Trainee: 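Submitted below is the structure of interest, expressed as C-alpha cells.
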Amino acid sequence: MLRIYNTLARDKQDFVPLRPGKVGMYVCGITVYDYCHLGHGRMMVVFDMVQRWLRASGFAVTYVRNITDIDDKIIRRAVENNETIGELTGRFIRAMDEDLDALGVQKPDHEPRATQYVPQMQAIIGALQENGLAYQASGGDVNYAVRKFPAYGKLSGKSLDELRAGERVEVDTGKADPLDFVLWKSAKEAEPEEVKWDSPWGRGRPGWHIECSAMSCALLGETFDIHGGGQDLQFPHHENEIAQSEGAMGVDSGKRFVNTWMHNGFVRVDDEKMSKSLGNFFTLREILTKFDAEVVRFFLLRSHYRSPLNHSDAHLEDARGALTRLYTALKGVPVSTSSVDWEEPHAKRFKAAMDDDFGTPEAIAVLFELANKINRAGREKAGQLRALGGVLGLLQRDAQAFLQAGGGGGMNEARIQASIEARLAARKARDFAQADRIRAELLAQGIVLEDGAGGTTWRRG
RNA sequence: GGCGCGGUAGCAAAGCGGUUAUGCAGAGGCCUGCAAAGCCUUUUAGAGCGGUUCGACUCCGCUCCGCGCCUCCA
C-alpha cells in the first residue's frame, strides 16, 4: 500500500485514488522567462519519479504539468529584449525541454500553456462572482474576496488574522481586504496587445493563481488525486487554488479540489534557499557542462524529496563516485530491457521503500546492496539492478559508456587505446617501470586503467 | 511577531522503540608485478536537559542552534 505525505493532513496517509486504478496528477510547472535552475530541476525530477512509481505500481496515470507563459515577469522581460511574448516563451520552453530531456524527465501526458486556457479561467471567475466570492474593484481588476471563503488557510495552516498581523502587506487601493488576490488584471496601456484578452470585466489578462485552477479542472476534472509543486507554492499559490476551485464549485457543495497535496523541498546553496531573488542559483545548463546529467538526477534522488538538499560541486562529485560504483557492477552486462522481478527480495525492499512516501534514498541503498551481491556472487542479479534503476530513471546506459563519458581529458579514444597497447607490451616485456610511467601519464589526463580478467579497460577518474 | 520544518558518525544521507542503513573518506587484509576495481574485516553517530519505557537516535516536554513560509518564487 502506497503511503504519501499529504501536506493538507500534515501526515502520511494511505493513497486511495478517486477511481480505482487511475490517478490524476497536476504539478505546477514553471514560468518561462529564463533558464531553469537546479531548484526547478529538482521539482521536475521529483515528480517525474512520483509519476514513474505510480505507473510502476500499476496505476493508469494522467500527469499534467503546466507552463505559465503569461505573467508580469514575462511581459517585462520581453519588452526589455524587444521581442514578442511568444518568441521569449518559445525560446525558454525549448531550453527547458532540452534540460529536462537530459535529466531523463519524461514528458507529462498534458503540458497546457496558460494562454490556451483563458476562456476556462474566465468561466471560473464568472462562477466565483456568481457565488459572491469575487468582485470587480474600482480600477477594473477582479479580486477574490478571501474573507468570504471560510476554509482559507487550511493548506498552509495560516489564519487570515495571523496573516494580517504580518507587516509586509502592501496597501493596494481597490482591494476589500489586503489579502485579496487578483483573478483578472485589467489591461494597461503600455502592455503589448499580445497580452490582452476580452472579458466580461473588460480587456485584460488572468492573474497567476487562476491559471492552475482552470488548467487542472479542464484536464483532470473538478476533483483529482494529487497536486504537487515546490514548497514555496504552498502559500499563497496553492491556498488560492483551493479557494478558487472549491469556491467555484460552491462552498456548500462539499466538493473537494484535491485529495493529496505534495510539496518538494528546496535546493539550497550554503544553507540558503536557491532562488532568483537571492542570486545564488545555478542553471541546469551550467551544471550540465560540468556533470553528467545522470549524475545530477542521481544526486537529486539520493535525498528524500521533502528534505532540503544542499548543492555544491563536492556533493555532485560524491554522487558521481557513488553512481560509478553502480555502473561498475554492470560492466560487461549488455543493455537489455529486462523487467523487474518483484518477487525477488531486493525488489521487495525497494518497493517497500518507495511505497513509504517515495523513499528513494532507501530504494537506492537497496541498489547498492544489489551491486554488492553482483560483485560478490556473479551477474545473475544484474538485470534486476538495471531494471530497478530504470524505475527511477537510472542505470539505463551501457556501463562502459557511462564510465567513459566526459571523455579522456585531452586524449581521444585512439590515443588511449594506443597507450594501453604500449603498456601491455611493456608489461609483457616485464618493463614495469615503463608500464607504470604510461599508466601515470594517462592518470594525469584523468584516465584510470583497470587490469581485469578480460584485459585492460579505462574509465574517467 | 505568527505558522511550519529540521539538528544523525570526517562528508553526504535514510529507516527504525531493542538486531549492519547506504555511498564517499580512514584503517587492516585478500587479489595484483605494483596499482585500480572488487571482496572481507574494521574505526568515527544521533545538539543539550528532563520524562515515558524492561529498553529511545527513534515517543513526549523544555532549551539551544539552523532553515523555510507569511511578497514574485520549484
Side-chain angles (χ1 to χ4, degrees), chain A residues 7 10 27-31 33 36-47 65 68 71-73 153 156-159 161-170 179 181 208 228-237 239 263-268 271-278 281 298-299 302-304 306-310 312 314-326 328-329 331 349 352-353 356 359-369 371-372 374-377 403 427 430-433 435-436 439-440 443 447-453 456-459 461:
Chain A
T7 307
R10 304 206 176 268
V27 170
C28 291
I30 67 163
T31 303
Y33 67 97
C36 293
H37 64 231
L38 187 61
H40 298 120
R42 182 182 197 190
M43 177 273 288
M44 293 291 187
V45 167
V46 160
F47 288 104
R65 192 187 63 214
T68 295
D71 103 321
D72 291 357
K73 285 177 181 170
S156 55
K158 299 176 191 303
S159 77
D161 293 321
E162 285 161 5
L163 284 165
R164 198 156 64 168
E167 317 83 45
R168 285 175 290 181
V169 174
E170 92 271 22
L179 291 159
F181 58 92
W208 179 47
Q231 233 156 41
D232 46 0
L233 297 187
Q234 189 179 322
F235 188 90
H237 183 55
E239 196 70 63
H263 293 97
N264 69 277
F266 296 128
V267 173
R268 298 181 184 172
D271 287 320
E272 273 190 328
K273 175 184 171 183
M274 178 184 290
S275 73
K276 292 268 170 71
S277 49
L278 284 166
F281 62 92
F298 178 81
F299 168 68
R302 201 155 69 128
S303 65
H304 188 84
R306 285 190 284 115
S307 301
L309 175 61
N310 266 302
S312 75
H315 295 162
L316 253 348
E317 271 302 334
D318 191 65
R320 189 176 75 85
L323 187 57
T324 294
R325 176 172 163 81
L326 292 180
T328 299
K331 257 174 97 168
R349 289 180 48 215
D356 184 10
T360 55
E362 200 174 348
I364 286 172
V366 172
L367 260 32
F368 281 101
E369 288 170 28
N372 174 262
I374 291 163
N375 290 331
R376 190 154 32 88
L403 295 170
R427 287 179 70 204
R430 302 199 66 79
D431 183 356
F432 295 120
D436 290 351
R439 187 169 63 196
L443 190 59
I447 291 156
V448 179
L449 295 189
E450 292 174 352
D451 297 329
T456 300
T457 58
W458 67 274
R459 65 180 166 85

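Protein chains get the first letters and strands the later ones, always in sequence-line order, with residue 1 at the start of each. Just so we're clear, the structure is a prediction, and the values are computed from it rather than from any experiment.
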Trainee: Please report the distance, rounded to the nearest Å, between CD in A:Glu272 and P in B:rA74.
Mentor: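 These atoms are roughly 18 Å apart.
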Trainee: Between B:rA36, B:rC39, B:rG4, which nucleotide gets closest to the side-chain atoms of A:Arg459?
Mentor: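 Taking heavy atoms from C-beta onward, the closest nucleotide is B:rA36.
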Trainee: In terms of heavy-atom contacts, does CZ of A:Arg10 have more than 12 from other residues, nucleotides or ligands at under 6.0 Å?
Mentor: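 For A:Arg10, atom CZ is crowded (more than 12 foreign heavy atoms under 6.0 Å).
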Trainee: Main chain of A:Lys276, side chain of A:His37: is a donor-acceptor contact present, judged purely on distance under 3.5 Å?
Mentor: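 The answer is no, because no donor-acceptor pair under 3.5 Å joins these two groups.
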Trainee: Choose from B:rC67, B:rG33, B:rA12 the nucleotide whose nearest atom is closest to any side-chain atom of A:Arg268.
Mentor: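 Output: B:rC67.
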Trainee: How close or far is atom C1' of B:rG68 from atom CZ of A:Arg42, stated in whole angstroms?
Mentor: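 Going from CZ in A:Arg42 over to C1' in B:rG68 covers 13 Å.
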Trainee: Counting Watson-Crick and G-U wobble pairs only, both distances under 3.5 Å, name the nucleotide matched with B:rG61, or none.
Mentor: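 When the pairing criteria are applied, B:rC49 turns out to be the nucleotide that pairs with B:rG61.
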Trainee: Nearest whole Å is fine: how far is B:rC34 C1' from A:Glu450 CD?
Mentor: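 After rounding, the reported distance stands at 15 Å.
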Trainee: At under 4.0 Å, does any side-chain N or O of A:Lys273 touch on OP1 or OP2 of B:rC69?
Mentor: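 For A:Lys273, the contact criterion (side-chain N or O under 4.0 Å from OP1 or OP2 of B:rC69) is met.
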Trainee: Which part of the nucleic acid, if any, lies within contact of A:Lys331, taking any heavy atom under 4.0 Å across all strands shown: a base, the sugar-phosphate backbone alone, or nothing?
Mentor: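 Nothing, no nucleic acid heavy atom in range.
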Trainee: Could you check which nucleotide pairs with B:rC69 in any of the strands shown, counting Watson-Crick or G-U wobble with both distances under 3.5 Å?
Mentor: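 Because both required distances fall under 3.5 Å, B:rC69 counts as paired with B:rG2.
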Trainee: Ignoring hydrogens and geometry beyond distance, is the side chain of A:Asp436 in donor-acceptor contact with the base of B:rG33 at under 3.5 Å?
Mentor: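 Such a pair exists between side chain and base.
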Trainee: May I ask you to say whether A:Glu239 pairs ionically with A:Lys158, meaning some side-chain N is under 4.0 Å from a carboxylate O?
Mentor: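 No.
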Trainee: Treat primed atoms plus P, OP1 and OP2 as sugar-phosphate and everything else as base, then score nucleotides 14-21 of chain B 5' to 3': B for base contact with protein heavy atoms under 4.0 Å, S for sugar-phosphate contact only, - for none.
Mentor: SSS----B
Trainee: Heavy atoms only, 4.0 Å cut-off, all strands: where does A:Gly39 land among base, sugar-phosphate and nothing?
Mentor: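 Touches a base.
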Trainee: With a 4.0 Å cut-off on heavy atoms, is A:Met44 in touch with a base, just the backbone sugar-phosphate, or nothing at all?
Mentor: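 Result for A:Met44 = nothing.
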Trainee: Got a second to check how far A:Arg459's CZ is from A:Leu449's CG, nearest 0.5 Å?
Mentor: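 One finds 10.0 Å between CZ of A:Arg459 and CG of A:Leu449.
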Trainee: Can you tell me the Watson-Crick or wobble partner of B:rA12, both distances under 3.5 angstrom?
Mentor: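 Answer to the pairing question: B:rU22, which forms a Watson-Crick or G-U pair with B:rA12.
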Trainee: Which of these passes side-chain hydrogen bond (donor to acceptor under 3.5 Å, both in side chains) with A:Thr7: A:Arg306, A:Gln234, A:His263, A:Gln231?
Mentor: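 Single pass found, and it is A:His263.
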Trainee: For A:Val27, answer base if it contacts any base atom (sugar-phosphate contacts may also be present), sugar-phosphate if it contacts only those atoms, and nothing otherwise; contact means non-hydrogen atoms under 4.0 Å.
Mentor: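 Answer is nothing: A:Val27 stays at 4.0 Å or more from every strand.
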Trainee: At under 4.0 Å between heavy atoms, what does A:Gly29 touch on the DNA or RNA strands: base, sugar-phosphate, or nothing?
Mentor: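 Sugar-phosphate contact only.
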Trainee: In whole Å, measure the gap between the P atoms of B:rU22 and B:rU41 for me.
Mentor: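 Pairwise P distance, B:rU22 against B:rU41, rounds to 11 Å.
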Trainee: Out of B:rC72, B:rG23, B:rC69, which has the shortest distance to the side chain of A:Ala322?
Mentor: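 The nucleotide sitting nearest to the side chain is B:rG23.
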Trainee: When you measure only distances, ignoring hydrogens and angles, does the side chain of A:Asp451 come within 3.5 Å of the base of B:rC34 through a donor and an acceptor?
Mentor: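 Per atom types, the contact qualifies.
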Trainee: State which of B:rC72, B:rA74, B:rA36 makes the closest approach to the side chain of A:Val448.
Mentor: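 Within the option list, the nearest is B:rA36.
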Trainee: Without decimals, in angstroms, what is the distance between A:Asp318 CG and B:rC11 P?
Mentor: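 A:Asp318 atom CG is separated from B:rC11 atom P by 12 Å.
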Trainee: Respond yes when some side-chain nitrogen or oxygen of A:Arg325 is under 4.0 Å from OP1 or OP2 of B:rG23, and no when none is.
Mentor: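 Affirmative; the distance criterion is met.
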Trainee: Are the side chains of A:Arg302 and A:Asp318 in contact, using a 4.5 Å heavy-atom criterion?
Mentor: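 A side-chain contact exists here, since the closest heavy-atom pair is under 4.5 Å.
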Trainee: What nucleotide among B:rC39, B:rC69, B:rU71 has an atom nearest to a side-chain atom of A:Asn372?
Mentor: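 The nucleotide sitting nearest to the side chain is B:rC39.
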Trainee: Give me the distance, rounded to whole Å, that separates B:rG17 from B:rU63 when you measure between the C1' atoms they each carry.
Mentor: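 Per the computed distance, 24 Å lies between those C1' atoms.
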Trainee: Distance check needed: B:rC24 P versus A:Phe368 CZ, whole Å only.
Mentor: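 Rounding to the nearest Å, CZ of A:Phe368 and P of B:rC24 are 7 Å apart.
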Trainee: Side-chain contact test, heavy atoms from C-beta onward, threshold under 4.5 Å: evaluate it for A:Val27 versus A:Met43 and give yes or no.
Mentor: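 A side-chain contact under 4.5 Å exists here.
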Trainee: With the side chain counted from C-beta on, respond yes when A:Asn375 and A:Asn372 share a heavy-atom pair under 4.5 Å apart, and no when they do not.
Mentor: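 A side-chain contact under 4.5 Å is absent here.
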Trainee: Can you check the A:His315 NE2 to B:rA12 P distance for me, whole Å?
Mentor: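 In whole Å, B:rA12 P and A:His315 NE2 are 5 Å from each other.
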Trainee: If you compare all heavy atoms of A:Glu362 against all heavy atoms of A:Ala353, which two are closest, and at what distance to 0.1 Å?
Mentor: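 Here A:Glu362 and A:Ala353 meet closest at CB-CB, 3.8 Å.
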Trainee: Classify the side chain of A:Lys73 and the base of B:rC72 as holding, or not holding, a donor-acceptor pair under 3.5 Å.
Mentor: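 Answer yes: a donor N or O sits under 3.5 Å from an acceptor.
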Trainee: Using only modelled atom types and a 3.5 angstrom limit, is any donor from either the side chain of A:Asp271 or the base of B:rG66 paired with an acceptor on the other?
Mentor: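 No, no donor-acceptor pair under 3.5 Å.
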Trainee: Ignoring backbone atoms, test whether A:Arg65 places a side-chain nitrogen or oxygen under 4.0 Å from the OP1 or OP2 oxygen of B:rA74.
Mentor: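 No, because none of the side-chain N or O atoms of A:Arg65 sits under 4.0 Å from OP1 or OP2 of B:rA74.
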Trainee: According to a strict under-4.0 Å criterion, is A:Asn264 in side-chain N/O contact with OP1 or OP2 of B:rA74?
Mentor: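 Answer no for this pair, as no side-chain N or O of A:Asn264 is under 4.0 Å from OP1 or OP2.
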